[in-house]
Amino acid sequence: MGVLDRFEKGVERVVSSAFAKAFRSEVKPVEIASAIRKDMDDRAASFSRGRTVVPNAFDVELGESDHERIVEWGEDALADEVIASAAEYAREQGFSLVGPLAVTFTAKPDLETGRFRVHSSTVRAAGTSDAAPGTPSASGTPGTPGAASNQPAAAHAWTGAVPEPPRHPLIDIDGKRYLLTSESTVLGRGTESDIVVDDTGVSRRHLEIRRTPRGVVVTDLGSTNGTFVEGNRITAATLVDGNTITMGRTRLLYYSGEGADA
C-alpha cells in the first residue's frame with residue numbers, strides 16, 4: 001500500500017467519511033498531500049555524501065469555501081494526517097529535516113473553489129528559517145507548490161524520528177544549495193568530485209572547501225583557470241559569510257550558517 005493510499009485511509013479513520021464527501025467537488029485532501037510530496041521533491045537540496053534536506057513547514061492556501069469545509073470537518077485532524085503522510089514519505093525517500101514537520105491552512109479570497117497553493121520553507125525547531133539569504137518570497141500557482149517563503153512554524157507539528165542535521169555552512173550554485181557537512185568538499189567538472197559543476201571552464205578537481213577549527217577555507221587545487229574570491233585570484237582563503245567564489249563561468253555564494261537567517 002502506497003503512502004497516499006495510507007493517507008486516504010487515515011483521513012477516513014480520523015475525520016470520518018463525511019469529511020471525504022464534503023470534498024467531492026472541491027479541493028481533496030489527497031491532492032494536498034500529493035502537492036506537498038511534489039514540493040519536497042522539487043525543493044530537495046542535495047549535498048555531498050548522500051544527505052538531502054527538504055522543506056518542513058507548509059502553508060496551504062485555499063479558497064474561502066474550501067477553507068470553511070476544512071475548519072468545519074476537522075482542521076487539526078487533516079493537518080495531522082498530512083503531516084504523517086509527509087513524514088512517511090520523507091523516511092521512504094531518505095530525506096532529512098531541520099525541524100518538525102508543520103502544516104497550516106489559510107483562506108485566500110483570490111482562489112476559486114477547488115484551487116489551492118502550497119508555500120514551503122525550511123524552519124528550524126527554534127523557529128528560525130534555514131533558507132539561504134536572498135531566497136525569493138513565495139509565489140505559488142493554483143493547485144501547485146509555491147517557491148520558498150519564511151512562514152512561521154505551525155501549531156500542527158510532527159516531531160518524530162526524522163533526523164535533524166546540525167547547522168552547517170552552505171554554498172549556493174545558481175539557486176541550488178549544498179550544505180557542507182563533510183570536513184572536506186571538492187568541487188569540479190569530474191565525476192569524482194563531491195559536487196560536480198557542469199562548466200567547461202572548471203577543472204576536473206577545481207577547488208576544495210575545508211572546515212577547520214579556524215574557519216572554512218577554500219583552496220585552489222591547481223586548476224587551469226584559477227579560483228577567485230570577491231574577484232581576487234587565490235591559492236587559499238578563509239571564507240566569511242556572503243563571499244562570492246568564481247570558478248570558470250560559475251559563481252558560488254558562501255553562507256556561514258551562523259546568522260539567524262542562514
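This is a predicted model, so every value here is computed, not measured.
The closest side-chain heavy-atom distance from Leu252 to Val218 is not below 4.5 Å. No side-chain heavy atom of Val103 sits less than 4.5 Å from a side-chain heavy atom of Ile32. Within the 4.5 Å cutoff, the side chain of Leu101 has heavy atoms near those of the Phe58 side chain.
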Any chance you could lay out the side-chain contact (heavy atoms from CB on, under 4.5 Å) test for Leu180 and Tyr255, step after step, and finish with the verdict? CA-CA 10 Å; Leu180 304 177; Tyr255 299 112; over 6 Å; no
Can you list the steps and then say if Asp194 with Thr185 is a side-chain hydrogen bond (donor to acceptor under 3.5 Å, both in side chains)? CA-CA 6 Å; Asp194 297 311; Thr185 302; 5.0 Å; no
Worked check of side-chain contact (heavy atoms from CB on, under 4.5 Å) between Arg43 and Ser120: CA-CA 9 Å; Arg43 297 200 54 223; Ser120 65; 2.8 Å; yes
Where do Leu253 and Thr244 land on the side-chain contact (heavy atoms from CB on, under 4.5 Å) test, with the steps shown first? CA-CA 5 Å; Leu253 298 177; Thr244 298; 3.4 Å; yes
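Side-chain atoms of Thr224 do not come within 3.5 Å of backbone N or O of Ser203 as any donor-acceptor pair. Asp220 places no side-chain N or O within 3.5 Å of a backbone atom of Thr235 that could act as its donor or acceptor partner. Without hydrogens or angle criteria, Asn225 side chain to Gly201 main chain gives a donor-acceptor distance under 3.5 Å. In this structure, the side chain of Thr212 engages the main chain of Arg214 through a donor-acceptor pair within 3.5 Å.
Checked against side chain to side chain donor-acceptor pair (under 3.5 Å), Asn232 has no partners two or more places apart in sequence or in another chain.
Between the CZ atom in Phe105 and the CZ atom in Arg69 there is a gap of 15.0 Å [rounded to 0.5 Å]. Between the NE2 atom in His206 and the OG1 atom in Thr227 there is a gap of 3.5 Å [rounded to 0.5 Å]. Rounded to the nearest 0.5 Å, atoms OH (Tyr254) and CG (Asp241) are 7.5 Å apart. Considering CG of Leu187 and CG of Leu221, their distance stands at 9.5 Å, rounded to 0.5 Å. Expressed to the nearest 0.5 Å, how far CG of Asp76 lies from CD1 of Ile70 amounts to 11.5 Å. Atoms NE2 and CG, on His67 and Leu62 in that order, are 7.0 Å from each other to the nearest 0.5 Å.
Salt bridge annotation for Glu192-Arg205: absent, with no cationic side-chain nitrogen under 4.0 angstrom from a carboxylate oxygen. Using a 4.0 Å cut-off between charged side-chain N and carboxylate O, Arg117 and Asp110 make a salt bridge.
In Glu112, the CD atom is not crowded: 12 or fewer heavy atoms of neighbouring residues, nucleotides or ligands sit closer than 6.0 Å.
The hydrophobic cluster containing Leu170 does not contain Val217, counting ILVMFWY residues as joined when their side-chain heavy atoms lie under 4.5 angstrom apart, directly or transitively. One hydrophobic cluster, built from ILVMFWY side chains closer than 4.5 Å, cannot hold both Val196 and Ile171; they sit in different ones. In terms of hydrophobic clustering, with Ile, Leu, Val, Met, Phe, Trp and Tyr side chains grouped at heavy-atom distances under 4.5 Å, Val186 and Ile209 are assigned to different clusters. Criterion: ILVMFWY side-chain heavy atoms under 4.5 Å apart, direct or through other members. Under it, Leu239 and Ile195 are part of a common hydrophobic cluster.
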